[in-house]
Amino acid sequence: MIRKKILLLGDFSVGKTSLVKRYVDGAFDDKYLTTIGVKISKKLVEIDGVKCELLIWDVEGSTPSKKISLGYYRGASGAIFVTDITRKETLDNLQEHKDVFLSENPDAHYVTAYNKADMLSEIDRDSIVLEDDVFLTSAKDNKNVEELFIELVKKMIR
Amino acid sequence: MKNIQIIFNAVLSKNIIEYILIDKNFTVVSSSEDVHKYLENKLNVGDDILFVLPEFVGAEDNIRKIFSEPKLSYVVESVYKNNYYVNMSVEYYDEKIALILLHNITDTTLSQQKLLQYSNESILLNTTLQKILNSQNALLFVTNKDEITYVNEQFMEYFSVKKVSELKSKDLKLYTYLDSGLKDYDALFERVNSKEEYVIIDDDTFILQASCIESTHRLFTLTKVTKLTKDMQIDSLTGVYKKSYFNSHLERLIKKKKEGVLVVLDIDDFKKVNDTYGHQVGDKILKEFATLIQNNVRGDDLFARWGGEEFLLLLENTNIENAMIKVEQLRRLVDTRTFKNVGHMTASFGLAKKEESDDVHSLLFCADKALYEAKDAGKNRIKFKKI
């Protein structure tokens with residue numbers, strides 16, 4: 001069995017913890033509680049006959065005054081960049097998160113989640129054009145959460 | 001060495017630091033008694049530290065180096081484990097052993113979390129308020145010292161500015177749009193407070209309202225009603241503007257001291273059409289005539305129905321020579337057209353040039369007089385009248 005460290009990265013209150021909670025525990029909590037530091041969860045997956053234990057680092061979100069500690073990035077094989085589709089500034093900051101992560105882990109893989117899709121109207125949802133490796137997710141409605149993590153695992157073990 | 005041991009024991013007894021010793025194979029050699037409180041499972045000598053503390057997966061190379069370089073260490077801060085927050089660090093112990101320290105920082109981290117939660121919620125609230133403000137009409141906040149302190153996105157978009165300071169450099173003063181006699185926002189507030197005023201900015205019509213926010217700030221709200229007012233000003237029979245809208249536009253032209261020519265148009269012998277073919281055909285001729293003229297003037301020329309078979313045309317930024325050329329084209333268009341049911345029709349045109357001292361009434365009077373001269377001279381012709 002292989003073990004892979006992956007990080008969830010993005011601005012504060014984009015739903016990183018909720019995505020992990022949905023994926024690992026199958027649950028969702030509407031209450032917003034700021035993550036501080038990091039919490040590591042484990043999840044065993046098997047893809048194409050390959051068993052992989054994911055060590056999912058739910059890292060505190062960056063704020064205008066506090067950036068993410070670089071110590072968390074060390075040795076990561078992959079990352080999920082999370083944005084809140086209803087907050088434009090979290091999309092604007094996406095590239096900065098990617099740049100910092102890839103400068104620490106140039107060979108790592110990543111996918112991107114445009115989260116909180118449940119807060120969009122059906123028309124808005126349909127009008128969003130998604131690039132490769134970008135998923136419109138909702139931890140609340142359990143939309144594309146499994147697909148998001150599985151796509152990252154596939155990229156890491158390929 | 002003995003002193004260090006005493007100090008270390010004293011620290012351990014405070015229950016804030018636990019330790020694990022590992023060998024070069026990352027196998028647990030020993031640990032402090034209470035370290036298990038941070039772990040999922042009971043810790044045994046011989047356990048693989050990467051399974052005990054998965055936080056170190058991916059950092060194997062960094063940890064390996066510590067065995068040979070005493071100055072190195074590997075730190076993971078603020079890790080949430082079993083309801084505790086701990087700082088974890090791997091330190092050099094000797095060439096064969098590394099020391100893992102788990103420092104309980106739960107109390108301070110929870111305090112920090114409260115502050116962070118408060119701060120993040122404040123930012124989210126601010127973002128939400130900003131969204132609400134931006135979803136409203138154009139808003140402008142002014143202090144009682146006549147300083148603009150805030151404008152929302154709608155306002156900036158309308159006036160093509162990106163920040164408040166640009167308003168100053170553009171010398172944009174909202175009050176001058178309502179009345180060039182107003183000198184500041186105080187005067188505007190006195191004028192608009194507790195009522196609504198229509199204000200025309202470029203080609204748009206707004207309702208301007210003012211209210212007092214505390215004693216220090218005034219809020220001005222601009223609600224765009226251009227489409228609504230234009231719809232109300234359209235003549236239902238011909239589809240062109242009504243005289244009331246034309247008049248207000250003409251008034252603005254006069255205030256702005258812009259060059260322009262006013263034309264009064266009248267369909268010749270229109271009464272005969274009504275008498276011979278009936279009013280239904282008459283109405284169709286009015287519509288056909290209005291459409292013909294409307295389709296052959298510039299987009300920024302203003303064409304309206306005065307009443308009956310009389311129409312008004314305002315040619316902005318045009319001198320009298322060019323206006324005569326344009327109106328002659330229109331006259332020919334009418335003269336050469338075969339109107340439905342009726343056939344040949346003609347129209348007469350009276351022109352007046354806007355002068356500095358003109359008001360709406362004198363200009364209309366002058367153009368109307370020119371029209372009558374055209375009629376008296378035999379119809380189907382153009383006359384220009386100077387005041």
Side-chain angles (χ1 to χ4, degrees), chain A residues 1-7 11-17 20 31-44 52-66 68-79 84 86-90 92 104-105 107-108 116 119 156, chain B residues 26 38-41 48 50-65 73-90 103-128 130-131 134 153:
Chain A
M1 185 181 72
I2 55 172
R3 306 178 90 196
K4 297 282 184 189
K5 169 180 173 177
I6 65 166
L7 306 176
D11 286 2
F12 74 95
S13 189
V14 292
K16 297 182 289 295
T17 304
V20 176
K31 203 172 131 195
Y32 169 55
L33 185 66
T34 303
T35 301
I36 191 160
V38 61
K39 184 188 174 191
I40 296 159
S41 305
K42 295 181 201 168
K43 174 97 174 179
L44 198 62
C52 177
E53 186 182 40
L54 285 180
L55 302 168
I56 305 166
W57 286 50
D58 176 19
V59 179
E60 70 177 65
S62 67
T63 69
S65 57
K66 193 178 180 208
I68 300 162
S69 165
L70 288 181
Y72 297 141
Y73 291 68
R74 236 169 271 151
S77 304
D84 176 347
T86 66
R87 276 161 62 209
K88 187 180 169 291
E89 65 276 15
T90 69
D92 295 341
E104 292 291 317
N105 302 284
D107 299 325
K116 303 193 186 178
M119 292 174 80
M156 290 191 298
Chain B
F26 292 5
Y38 301 130
L39 308 176
E40 279 178 38
N41 302 307
D48 183 345
L50 296 179
F51 280 91
V52 177
L53 297 174
E55 290 77 9
F56 294 136
V57 170
E60 294 88 335
D61 288 344
N62 300 73
I63 295 171
R64 237 171 247 125
K65 285 180 192 164
S73 65
Y74 180 78
V75 180
V76 187
E77 291 174 328
S78 309
V79 184
Y80 185 72
K81 292 191 79 70
N82 279 3
N83 296 323
Y84 293 98
Y85 284 96
V86 288
N87 281 343
M88 301 166 62
S89 65
V90 186
H103 179 196
N104 185 345
I105 52 161
T106 307
D107 289 345
T108 52
T109 308
L110 287 177
S111 303
Q112 285 172 10
Q113 190 191 29
K114 271 187 191 169
L115 284 173
L116 192 62
Q117 176 91 18
Y118 179 75
S119 161
N120 287 355
E121 283 176 355
S122 299
I123 296 171
L124 289 173
L125 178 63
N126 187 43
T127 310
T128 307
Q130 197 64 49
K131 280 182 185 169
N134 287 335
E153 220 169 62

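Labels below follow one simple rule: chain letters A, B, ... track the order of the sequence lines, proteins then strands, and each chain is numbered from 1. Keep in mind that the numbers below use all heavy atoms, side chains included, and drop hydrogens, waters and symmetry copies.
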Problem - Separation of A:R87 CZ from B:T128 OG1 (nearest 0.5 Å) - result: 8.5 Å
Problem - Side chain, backbone, both or neither of B:E60 within contact of chain A (heavy atoms, under 4.5 Å) - result: neither
Practice task
Report yes if the side chains of B:S119 and A:T63 come closer than 4.5 Å at any heavy-atom pair, otherwise no.
Solution key: no
Completion exercise
Max heavy-atom pairs within cutoff under 4.5 Å with chain B, candidates A:G37, A:A76, A:G71, goes to A:G37
Practice task
Work out which heavy atom in B:E55 is nearest to a heavy atom in A:I40; give both atom names and the distance.
Solution key: CG-CD1, 3.0 Å
Exercise for the section: Kindly indicate, with the supporting measurements, whether the criterion side-chain contact (heavy atoms from CB on, under 4.5 Å) is fulfilled by B:S78 and A:V38. Expected result: CA-CA 6 Å; B:S78 309; A:V38 61; over 6 Å; no
Practice task
Count the heavy atoms belonging to other residues, nucleotides or ligands that lie under 6.0 Å from CD of B:E153, then report whether that count exceeds 12.
Solution key: no
Handout entry: Among the listed options B:Y74, B:Y85, B:F51, the residue most often paired with chain A at heavy-atom distances under 4.5 Å
Key = B:F51
Problem - A:S77 portion near chain B, given a 4.5 angstrom heavy-atom threshold - result: neither
Problem - chain A interface, residue from B:L116, B:N120, B:I123 that has the most non-hydrogen pairs under 4.5 Å - result: B:N120
Exercise for the section: Against chain A, label B:K114 side chain, backbone, both or neither, depending on which of its atoms sit under 4.5 Å from a heavy atom there. Expected result: neither
Practice task
Please step through side-chain contact (heavy atoms from CB on, under 4.5 Å) for the pair A:R3 and B:L50, ending with a clear verdict.
Solution key: CA-CA 10 Å; A:R3 306 178 90 196; B:L50 296 179; 3.8 Å; yes
Problem - Engaged part of B:L110 at the chain A interface, taking heavy atoms whose separation is under 4.5 Å - result: neither
Handout entry: A:Y32 backbone acceptor or donor facing B:Q117 side chain under 3.5 Å
Key = yes
Fill in the blank from the handout: Applying a strict 4.5 Å limit to non-hydrogen atoms, the region of B:T127 in contact with chain A is side chain
Practice task
Look at the side chain of B:Y80 and the backbone N and O of A:I36, then say whether any donor-acceptor pair between them is shorter than 3.5 Å.
Solution key: no
Problem - Within 6.0 angstrom of A:K88 NZ, more than 12 heavy atoms from elsewhere - result: no
Exercise for the section: Please check if atom NZ in A:K39 has more than 12 non-hydrogen atoms from other residues, nucleotides or ligands closer than 6.0 Å. Expected result: no
Practice task
Below 4.5 Å from any heavy atom of chain A, which atoms of B:N62 appear? Answer side chain, backbone, both or neither.
Solution key: side chain
Completion exercise
Under 4.5 Å to a heavy atom of chain A? For B:E40 that would be side chain
Problem - More than 12 heavy atoms from other groups under 6.0 Å of CG on B:N82 - result: yes
Fill in the blank from the handout: Honestly, the part of A:K4 sitting under 4.5 Å from a heavy atom of chain B is neither
Problem - Donor-acceptor pair, side chain of B:Q113 and main chain of A:T34, under 3.5 angstrom - result: yes
